[in-house]
Structures are given as C-alpha cells and as structure tokens.
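Let me begin by presenting the structure, written as structure tokens, before commenting on it.
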Number of protein chains: 2
Amino acid sequence: MSVPLSLLALLSQGPAYGARIKADFEERTGRAFPLNVGQVYTTLARLERDGLVVADGGPDDEGRIPYRLTDAGRAEVGTWWERPVDRTEPARDELVMKLALAVATPDVDAHAVIQHQRTAAMAHLQRLTRAKLALSAPGSPPQTEPVPTPTSLSDEVVLEHRLYAVESELRWLDHVEGLLLHRRAPQSAPAPSVTLPSAASATAAPSAARPAPDPSTPISRPAAPDTRH
Amino acid sequence: MSVPLSLLALLSQGPAYGARIKADFEERTGRAFPLNVGQVYTTLARLERDGLVVADGGPDDEGRIPYRLTDAGRAEVGTWWERPVDRTEPARDELVMKLALAVATPDVDAHAVIQHQRTAAMAHLQRLTRAKLALSAPGSPPQTEPVPTPTSLSDEVVLEHRLYAVESELRWLDHVEGLLLHRRAPQSAPAPSVTLPSAASATAAPSAARPAPDPSTPISRPAAPDTRH
DNA sequence: GAAAGACGGTATACCGAGTATGTATGCCGT
DNA sequence: ACGGCATACATACTCGGTATACCGTCTTTC
C-alpha cells in the first residue's frame, strides 16, 4: 500500500528504470525493506495504467526502460507528503490479534503467551541496541571520522523506529499482564479503575516526549540478559 | 498472515461454521478487526487443503457447514500459542518508509512531514483516550455495576495497544526531528553520540514498565488540543 | 576466439490477504 | 402469496509479495 507512492516519490527526483528504482528505494530506506524487483515492474505497470507514470520511450540501447512522472503522478506525490498516513484503523497486527484471542479464550494461558513474547522482545531489543551501537561507531576504535555523516540518516530513522516499537510493545505486554491479574482477582474494587497509564500522562502533556510509567504492573520477570554488546 | 491461525484457534474450542467463526473472531478481538466473510471461507478452504481442518459432514438442515480441527491443526494451534510472533524483520510500515524516504530526499521538507504526522497522531491519541474513558465507564454515571467485567478484556487489550503505539510513534517523531536538527547543524560535536533514549533505560531495567524519556528532543510544538472528555 | 558464465535488466507466473458481489434459502409481515 | 430481510455460502477481482524465466552484454577461460 505504500510501495506505489514510494516509487512515485523516487521518480519525482527524475526518470529512472526499474532496477535503478529498486536500488534507490532500498538505499533510501536503510536497506531495511528489501524490495523484490518483480514488484517494481508490476507496480510500475499499475502506475502507468493509472496514468501516474509513463514509459519514457522504448528500451534504450542497454535494454532499460526509463519511466517518468506524469503531472497527475507529481500531484499524487505532493499530496502524499502533505497528508499524514492514516492510523485511524487498527492495523492488523498478528500479535494484537493473538493476544486478544488469548485473553478471550478459556484453555489458553495468556500469561504464558505474554511471557514468550516478552523474552523474544527483550532479545530483539538487545539485538537492535547492538545494531545501534554499531551504527554510531562503524569502525570500532576511531571516533575522529572526517565524514560528518558516517551513517545514513535513513538507517537511523528506521532503526530508531524499531527501538521505540519494541520498547512500547514490552510496556504493553506488561500492562496486559496487569490487566489479567486485576481481572482474575478483582479483590475489593469491582469498578474497573484501570490506571489510565499512558493516556493520562500523554494527554496531560502530549507535546513533550513524555514517558508512560505504568505503576500498575511491577511484575517480576526473569533478569535482563547481559546487555552490553 | 495471522487470520488462518486465529481461525484454527477459534476452532480449537469446538467445531463451528463459517459465519459463526467470523462472529467469534470479531467478538474476541474487540471488534477492532472486521473480518470479511468471504475471507473466512477462502481461508477455511486453504486450511482444509492443508489438512489442518475438515468439513464435518455436508451442510446441515440449515445450510451450515461445520468445520473441525484435525490433529495436525490442533498441533499447529499449540505451537502458535507457544511461539512468539516474529518481530525480527522490520514490518513494512508506510510511515517508516515514508519518513525514511523523506529524510533521504532533497526537495522534501521532512520537518513538515513530521509536523503533519504529529498533529494527526495527537488527534488520534485524543480519540483513543476518549474511547478508553468511555470503555471504563459505559453507562455514564453509575460506577456501582454489579457485573465485574462490564467491558471485554479483549477490547481493552487492543485499545491499550493502540494507545501505546501512538504514544511511541509520537516519541519517535520527536526523536527523528532531533536527528534532523543535529544533522543540519552538526555544530561542534561531529561524533553522533545519539542519546540512546529508550534502549539504555529499557535494557537497564526492562522488567519494570520503565518509560523512555528522550532528553535530546525538547522540541517545541503546537499546544495540546483540548484533552478532556 | 568461441563456449561458459556472471551480471544487469525486464517480464511473467503464482500465492495469499483482503474486498465486493452474487446466490440460495428460510423467516417474517402484510 | 409475495416482497423484503437476514443468514450462510461462494466466486471474482485487486493488490502485495516472491520466485523464476528470459534476454542481452561483458568477462573469463581453455
């Protein structure tokens, strides 16, 4: 759903042929999203069908077929940059479905599911952290690099996103575990006064990158694995 | 990619026919993931083809065709609950691609992209918060509900996930903005000592739902929209 | 100096997810 | 009895994604 727009965005920098577009795309997204060449051609075909792109003449003497944006295509890119991506509908995330099903299904130990996911997430977090360190210091010893941008900004952008995502996922898992404990033993307080963890703080001061301490779940857990690389 | 497994999970509670499965699925995932009926049937067909499920005899007197798990299917569900969902590869998220492209493309004002996304995210956060409040107190005044579980746990699980996700996204946007400022004016500190926002704290004490204050980006931003009710 | 093969580029076939639409049937209410 | 509606099943289609086939050129190697 985002690949077509990405291709348009790349073409807005000038005409290019399929393989070059693929290379550019991967380069500019931190090589985090390997793009199958086939997809590039089928997508280009669809874009051409929709009048957003045109083949700029037949194959040149080296067999390449450059494509360029039409005016409609250029407009499309423009609005893409302006319009925020839609987050209003929930994103069919496997983990969310799985956990929602788990807590709603008898015979399933939701706690165990959470535990498994959590240890995996922590391992993943470790991996990402290591990657980040490697990113900031590519050649191990020298930090006196003459190049001011030794690593691409794109790399960092996607890496950071993954870091924030795992971290958030961990907190969410903790929170759900807390919910489970409450529900299982709704001791004296039947009313679901469910702590409003992030929401309260975030709405109170959403402009600052305010954390969401979740006081309701001081769940004990296996010790953190060795953290340094 | 997760719907087939979900259907198997539902069938593990006993045989059911297509439409019933759809209803169950939506019920147990907080009605956040509307599932097209057609998809249920095609998925069931594939599952039957793969031997994970069998039609339990022809249509009954009301035209329904119940399916039940095979042993292989049951095993599949078992391993699904045990195996954490894979987060090792980056999840083709439109926003991530878009922003990675934006920062790597001249002629594109990445700051503006971030701004647009941020205001949208804040509006969304507000909406979710409102939904959460409505969830905890469905009938407005009385909190003396006799029912201990007036709202389904599944609802809460997916709602909370969305809250954590937006919040994390906001922090990430802030962080990227910080990166942009650094890169644009790499004043006296050329070495990218990039603050390790979440990673450091999360690995230091991952068991507590520890927040990840990002001290590097005290970016000013438009005031928070009205937050209450 | 030609066969073999690596390489770069294009194109097609295939699968699964997801959506829209069609069709049969039973149950109403008038 | 008939129109309308709900229920359940089924098919057709689009799109994202992967694998693979194909074709020309350049290089290697005997």
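Each chain gets a letter, A, B and so on, in the order its sequence line appears, and its residues count up from 1. Below, all heavy atoms of this structure are taken into account, side chains as well, without hydrogens, waters or symmetry copies.
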Distance-only donor-acceptor pairs under 3.5 Å for side chains of residues 30-37 of chain A, two or more places apart:
| from | atom 1 | to | atom 2 | distance (Å) |
| --- | --- | --- | --- | --- |
| A/Arg31 | NH1 | A/Glu27 | OE1 | 3.2 |
| A/Arg31 | NH2 | A/Asp155 | OD1 | 3.2 |
| A/Arg31 | NH2 | A/Asp155 | OD2 | 3.2 |
| A/Asn36 | OD1 | A/Gly38 | N | 2.8 |

A/Ser2 or A/Val37: which one's nearest nucleotide on DNA chain D is closer to the 5' end?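 Looking at the nearest nucleotide for each, A/Ser2 comes out on the 5' side.
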What heavy-atom pair brings [X] and [Y] nearest, and what distance separates the two atoms?
{"X": "A/Val96", "Y": "A/Trp172", "value": "CA-CH2, 4.1 Å"}
{"X": "A/Ala110", "Y": "A/Leu180", "value": "CB-CD1, 3.7 Å"}
{"X": "B/Leu99", "Y": "B/Ile114", "value": "CD1-CG1, 3.8 Å"}
{"X": "A/His116", "Y": "B/Glu82", "value": "ND1-O, 3.0 Å"}
{"X": "B/Val40", "Y": "B/Gly18", "value": "CG1-O, 3.7 Å"}
{"X": "A/Ala102", "Y": "A/Val113", "value": "CB-CG2, 4.4 Å"}

To the nearest 0.5 Å, how far apart are [atom1] in [X] and [atom2] in [Y]?
{"X": "B/Leu44", "Y": "B/Arg49", "atom1": "CG", "atom2": "CZ", "answer": "12.5 Å"}
{"X": "B/Tyr164", "Y": "A/Leu170", "atom1": "OH", "atom2": "CG", "answer": "11.0 Å"}
{"X": "A/Leu159", "Y": "A/His161", "atom1": "CG", "atom2": "NE2", "answer": "11.5 Å"}

Go through the structure and list residues passing salt bridge (Lys or Arg N to Asp or Glu O under 4.0 Å) with [X], not counting sequence neighbours.
{"X": "A/Arg68", "value": "A/Asp56"}
{"X": "B/Glu48", "value": "none"}
{"X": "B/Glu94", "value": "none"}

Give me the residues of [range] where at least one heavy atom lies under 4.0 Å from an atom of DNA chain C, by number, or none.
{"range": "residues 6-35 of chain A", "answer": "A/Tyr17, A/Gly18, A/Ala19"}
{"range": "residues 65-91 of chain B", "answer": "none"}
{"range": "residues 39-53 of chain B", "answer": "B/Gln39, B/Arg46, B/Arg49"}

Taking 4.0 angstrom as the limit, do B/Asp24 and B/Arg20 come out as a salt bridge?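 A salt bridge is present here (some side-chain N lies under 4.0 Å from a carboxylate O).
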Between P on C/dA17 and CZ on B/Arg92, what's the gap in Å once rounded to a whole number?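 My rounded result for the distance is 16 Å.
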Rounded off to whole Å, could you give me the CZ-to-P distance for the A/Arg64 and C/dC7 pair?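 In whole Å, C/dC7 P and A/Arg64 CZ are 17 Å from each other.
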Donor-acceptor pairs under 3.5 angstrom involving side-chain atoms of residues 83-90 of chain B: please list them, not counting sequence neighbours.
| from | atom 1 | to | atom 2 | distance (Å) |
| --- | --- | --- | --- | --- |
| B/Asp86 | OD1 | B/Thr88 | N | 3.2 |
| B/Asp86 | OD1 | B/Thr88 | OG1 | 2.8 |
| B/Asp86 | OD2 | B/Thr88 | OG1 | 3.0 |
| B/Arg87 | NH1 | A/Glu169 | OE1 | 2.3 |
| B/Arg87 | NH2 | A/Asp93 | OD1 | 2.9 |
| B/Arg87 | NH2 | A/Asp93 | OD2 | 2.7 |

All N/O donor-acceptor pairs, side-chain side in residues 7-17 of chain B, below 3.5 Å, sequence neighbours left out:
| from | atom 1 | to | atom 2 | distance (Å) |
| --- | --- | --- | --- | --- |
| B/Ser12 | OG | B/Ala9 | O | 2.5 |

Using side chain to side chain contact (heavy atoms under 4.5 Å, CB included), reason through A/Gln39 and A/Lys22 one step at a time and then give a plain yes or no. CA-CA 9 Å; A/Gln39 191 173 359; A/Lys22 166 193 157 73; over 6 Å; no
Using a heavy-atom cut-off of under 4.0 Å over every strand shown, decide if B/Val3 touches base, sugar-phosphate, or nothing.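 Sugar-phosphate only.
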Degree of bending in the helix from C/dG1-D/dC30 to C/dT30-D/dA1 once both end axes are built from five pairs, to 10°: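 For the helix from C/dG1-D/dC30 to C/dT30-D/dA1, the axes at opposite ends meet at about 20°.
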Applying the side chain to side chain contact (heavy atoms under 4.5 Å, CB included) test to B/His124, which of B/Met122, B/Gln126, B/Arg127 qualifies?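 Passing option: B/Arg127.
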Under 3.5 Å between N/O atoms: give me all the protein pairs with nucleotides 23-26 of chain C, atom names plus distance.
none

Which nucleotide span of DNA chain D, 5' end to 3' end, has atoms closer than 4.0 Å to non-hydrogen atoms of chain A?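 Here the contact window of chain A covers D/dC15 to D/dA19.
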